[in-house]
*Asks:* 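Have a look at this one.
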Amino acid sequence: MSSAPRLLALHSSSDTLAVAAQSLGSAATTPQVATFPLGRRLSNELLPCVESVLPAECWSQIGRLVVATGPGGFTGTRLTVVLARTLAQQLAVPLHGFSSFLLMARRLLHTDPLLAKRERVWLHQLLPRRGSVVGCYGRDPAVLGGVAELEQPRLYRPGEGWGGSDAQAAAVVEAETDALQLLELGQLAQAADLQGPWAPVLPLYPTSPVEGL
C-alpha cells in the first residue's frame with residue numbers, strides 16, 4: 001500500500017457502518033469504501049471492519065479524519081466518534097465531524113430533481129410516540145461544501161410545528177454514498193488547510209438515550 005497520507009472516513013449513524021479511505025489531497029483517486037450491516041454488533045466488530053479498509057499497520061499514514069456525528073444510534077455514533085477522536089489525538093492530525101443530516105442534505109440538494117432549484121430543505125426522521133428529529137439546511141457557497149446547517153437537528157414533539165412552506169424530505173441514510181460525502185468534505189478541508197481540532201468533535205444526540213425508559 002502507498003505510504004502517501006490517507007484520509008479516513010467513518011459513518012455509523014444507521015445500522016450500517018461505512019468506512020472509506022482515499023489518498024489525502026488527491027480527490028480524483030478512486031476511494032476505498034465498504035459497508036457493514038452490523039446493527040448491535042458494531043461494538044465488537046468496529047475495529048476489524050476499519051482494518052479491512054485500512055489495516056492498522058497503515059494507520060500511521062492517516063493525515064486527516066472525518067466522521068459522521070449523528071443523529072444516529074447512541075452506541076454506534078459514540079463508538080466511531082470516540083475512535084476518530086482517539087486516532088486524531090494520538091496521530092496529531094486534523095479531525096472534522098459532520099452531522100449525518102448535513103451529509104444527506106448535500107446529497108439531496110445535488111441529486112434530487114425535486115430539490116434541484118430549492119435553496120433550503122428540512123430533513124425529518126420520525127420517532128414513534130416521541131415526535132420527529134428535524135434539521136434545516138440551505139445552499140451557501142461561503143461554507144465548506146456549499147451547504148450550511150441552518151438549524152441543528154433537534155426533537156420536535158408531536159404537534160409542534162416546523163418547516164413552514166420550505167421543501168421537506170425524509171432523513172434516510174445511504175451509508176456508502178454518505179461516507180463518500182465525508183471524503184469529499186475531508187478533501188475540501190485539506191485543500192483549505194483547516195486545522196480540525198479533535199476536542200470539539202462530539203456525538204450529536206437530539207434525544208436522551210434514557211428517555212422513555
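All residue numbers refer to positions in the sequence shown, counting from 1. Below, all heavy atoms of this structure are taken into account, side chains as well, without hydrogens, waters or symmetry copies.
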*Asks:* In the single-linkage hydrophobic clustering (I, L, V, M, F, W, Y; side-chain heavy atoms under 4.5 Å), do Leu123 and Leu204 co-cluster?
*Replies:* no
*Asks:* Show your reasoning for whether side chain to side chain contact (heavy atoms under 4.5 Å, CB included) applies to Leu127 and Ser132.
*Replies:* CA-CA 5 Å; Leu127 301 181; Ser132 295; over 6 Å; no
*Asks:* Within the 4.5 Å heavy-atom criterion, are Pro31 and Leu180 side-chain neighbours or not?
*Replies:* yes
*Asks:* Shortest non-hydrogen contact from Gly145 to Leu185?
*Replies:* CA-CD2, 3.8 Å
*Asks:* Mind checking what makes salt bridge (Lys or Arg N to Asp or Glu O under 4.0 Å) contact with Asp166, not counting sequence neighbours?
*Replies:* Arg120
*Asks:* Between Leu194 and Pro94, is there a side-chain heavy-atom distance shorter than 4.5 Å?
*Replies:* no
*Asks:* Shortest non-hydrogen contact from Val66 to Leu7?
*Replies:* CG2-CD1, 4.2 Å
*Asks:* Is there a side-chain contact between Leu108 and Leu114 (heavy atoms, below 4.5 Å)?
*Replies:* no
*Asks:* Please answer whether the main-chain N or O of Gly63 pairs with a side-chain N or O of Arg6 as donor and acceptor at a distance below 3.5 Å.
*Replies:* no
*Asks:* Using the side chain to side chain contact (heavy atoms under 4.5 Å, CB included) rule, take Arg85 and Leu202 through it: C-alpha gap first, then chi angles, then the decisive distance, then the call.
*Replies:* CA-CA 9 Å; Arg85 282 166 53 95; Leu202 297 169; 3.6 Å; yes
*Asks:* Applying salt bridge (Lys or Arg N to Asp or Glu O under 4.0 Å), which residue pairs with at least one partner in residues 182-207 are found, sequence neighbours left out?
*Replies:* Arg106-Glu184
*Asks:* Thr80: which residues meet the side chain to side chain donor-acceptor pair (under 3.5 Å) condition with it, sequence neighbours left out?
*Replies:* Ser12
*Asks:* Show the nearest heavy-atom pair for residues Glu45 and Pro48, with the distance to one decimal.
*Replies:* O-CD, 3.3 Å
*Asks:* Applying the 4.5 Å side-chain criterion to the ILVMFWY set and letting contacts propagate, would Leu17 and Leu47 be lumped into a single cluster?
*Replies:* yes
*Asks:* Please say yes or no: joined through hydrophobic side-chain contacts below 4.5 Å, possibly via intermediate residues, are Val82 and Leu87 part of one cluster?
*Replies:* no
*Asks:* So does Val53 get a backbone contact from the side chain of Gln32, meaning a donor-acceptor N/O pair under 3.5 Å?
*Replies:* yes
*Asks:* Please, which pairs that meet salt bridge (Lys or Arg N to Asp or Glu O under 4.0 Å) have at least one residue in residues 57-80, sequence neighbours excluded?
*Replies:* none
*Asks:* For a 4.5 angstrom cut-off between non-hydrogen side-chain atoms, does Ile62 reach Leu54?
*Replies:* yes
*Asks:* Give the table of side-chain donor-acceptor pairs shorter than 3.5 Å for residues 137-144, with sequence neighbours excluded, one pair per line with atom names and distance.
*Replies:*
{"unit_1": "Tyr137", "atom_1": "OH", "unit_2": "Glu149", "atom_2": "OE2", "d": "2.7"}
{"unit_1": "Arg139", "atom_1": "NE", "unit_2": "Arg118", "atom_2": "O", "d": "2.7"}
{"unit_1": "Arg139", "atom_1": "NH1", "unit_2": "Leu109", "atom_2": "O", "d": "3.4"}
{"unit_1": "Arg139", "atom_1": "NH2", "unit_2": "Leu109", "atom_2": "O", "d": "2.9"}
{"unit_1": "Arg139", "atom_1": "NH2", "unit_2": "Leu115", "atom_2": "O", "d": "3.0"}
{"unit_1": "Arg139", "atom_1": "NH2", "unit_2": "Ala116", "atom_2": "O", "d": "3.0"}
{"unit_1": "Arg139", "atom_1": "NH2", "unit_2": "Arg118", "atom_2": "O", "d": "3.4"}
{"unit_1": "Asp140", "atom_1": "OD1", "unit_2": "Ala142", "atom_2": "N", "d": "2.9"}

*Asks:* Taking all atoms of both residues into account, what is the closest heavy-atom pair of Leu102 and Ala148, and its distance?
*Replies:* CD1-C, 4.4 Å
*Asks:* For the backbone of Thr69 and the side chain of Thr77, can you confirm whether one donor and one acceptor N or O come within less than 3.5 Å of each other?
*Replies:* no
*Asks:* Do any N or O atoms from the side chain of Ser14 and from the backbone of Thr16 form a donor-acceptor pair under 3.5 angstrom?
*Replies:* yes
*Asks:* Output yes when a side-chain donor or acceptor of Ser13 lies under 3.5 Å from a complementary backbone atom of Gly72, and no otherwise.
*Replies:* no
*Asks:* Where is the tightest heavy-atom contact between Ala175 and Thr35, given as atom of each residue plus distance?
*Replies:* CB-CG2, 4.2 Å
*Asks:* Can any side-chain N or O of Gln187 pair as donor or acceptor with the backbone N or O of Ser23 at less than 3.5 Å?
*Replies:* yes
*Asks:* Run through the side-chain heavy atoms of Ile, Leu, Val, Met, Phe, Trp and Tyr, join any pair under 4.5 Å, and report what else lands in Val134's cluster.
*Replies:* Trp122, Tyr156, Trp162
*Asks:* What's the spacing between Thr86 OG1 and Trp198 CH2 if we round to 0.5 Å?
*Replies:* 8.0 Å
*Asks:* Side chains of Ser52 and Phe36: closer than 4.5 Å at any heavy-atom pair?
*Replies:* yes
*Asks:* Mind checking what makes side chain to side chain contact (heavy atoms under 4.5 Å, CB included) contact with Ala191, not counting sequence neighbours?
*Replies:* none
*Asks:* Are side-chain heavy atoms of Cys136 and Val121 found at a separation under 4.5 Å?
*Replies:* no
*Asks:* Are the side chains of Ser100 and His11 in contact, using a 4.5 Å heavy-atom criterion?
*Replies:* yes
*Asks:* My understanding is that only residues two or more places apart in sequence, or in another chain, count here; which of them pass side chain to side chain contact (heavy atoms under 4.5 Å, CB included) with Ala56?
*Replies:* Glu51, Trp59
*Asks:* Let me see the working for Leu10 and Val50 under side chain to side chain contact (heavy atoms under 4.5 Å, CB included), right down to the final yes or no.
*Replies:* CA-CA 8 Å; Leu10 303 173; Val50 174; 3.9 Å; yes
*Asks:* Would Leu42 and Thr75 satisfy side chain to side chain contact (heavy atoms under 4.5 Å, CB included), going step by step from the backbone distance to the final call?
*Replies:* CA-CA 8 Å; Leu42 178 67; Thr75 300; 5.9 Å; no
*Asks:* Treat each ILVMFWY residue as a node, draw an edge where side-chain heavy atoms are under 4.5 Å apart, and state whether Phe101 and Leu150 are in one component.
*Replies:* no
*Asks:* Under the side chain to side chain contact (heavy atoms under 4.5 Å, CB included) test, which residues partner Ser43, sequence neighbours left out?
*Replies:* Leu79
*Asks:* Using every non-hydrogen atom in the two residues, find where Val133 and Pro206 come nearest and quote the distance to one decimal.
*Replies:* CG1-CG, 3.8 Å
*Asks:* A side-chain contact here means heavy atoms from C-beta on lying under 4.5 Å apart; do His96 and Val201 qualify?
*Replies:* no
*Asks:* Taking side chain to side chain contact (heavy atoms under 4.5 Å, CB included) as the definition, give me every residue that meets it alongside Thr177, ordered by chain and number, with sequence neighbours left out.
*Replies:* Arg107, Glu174
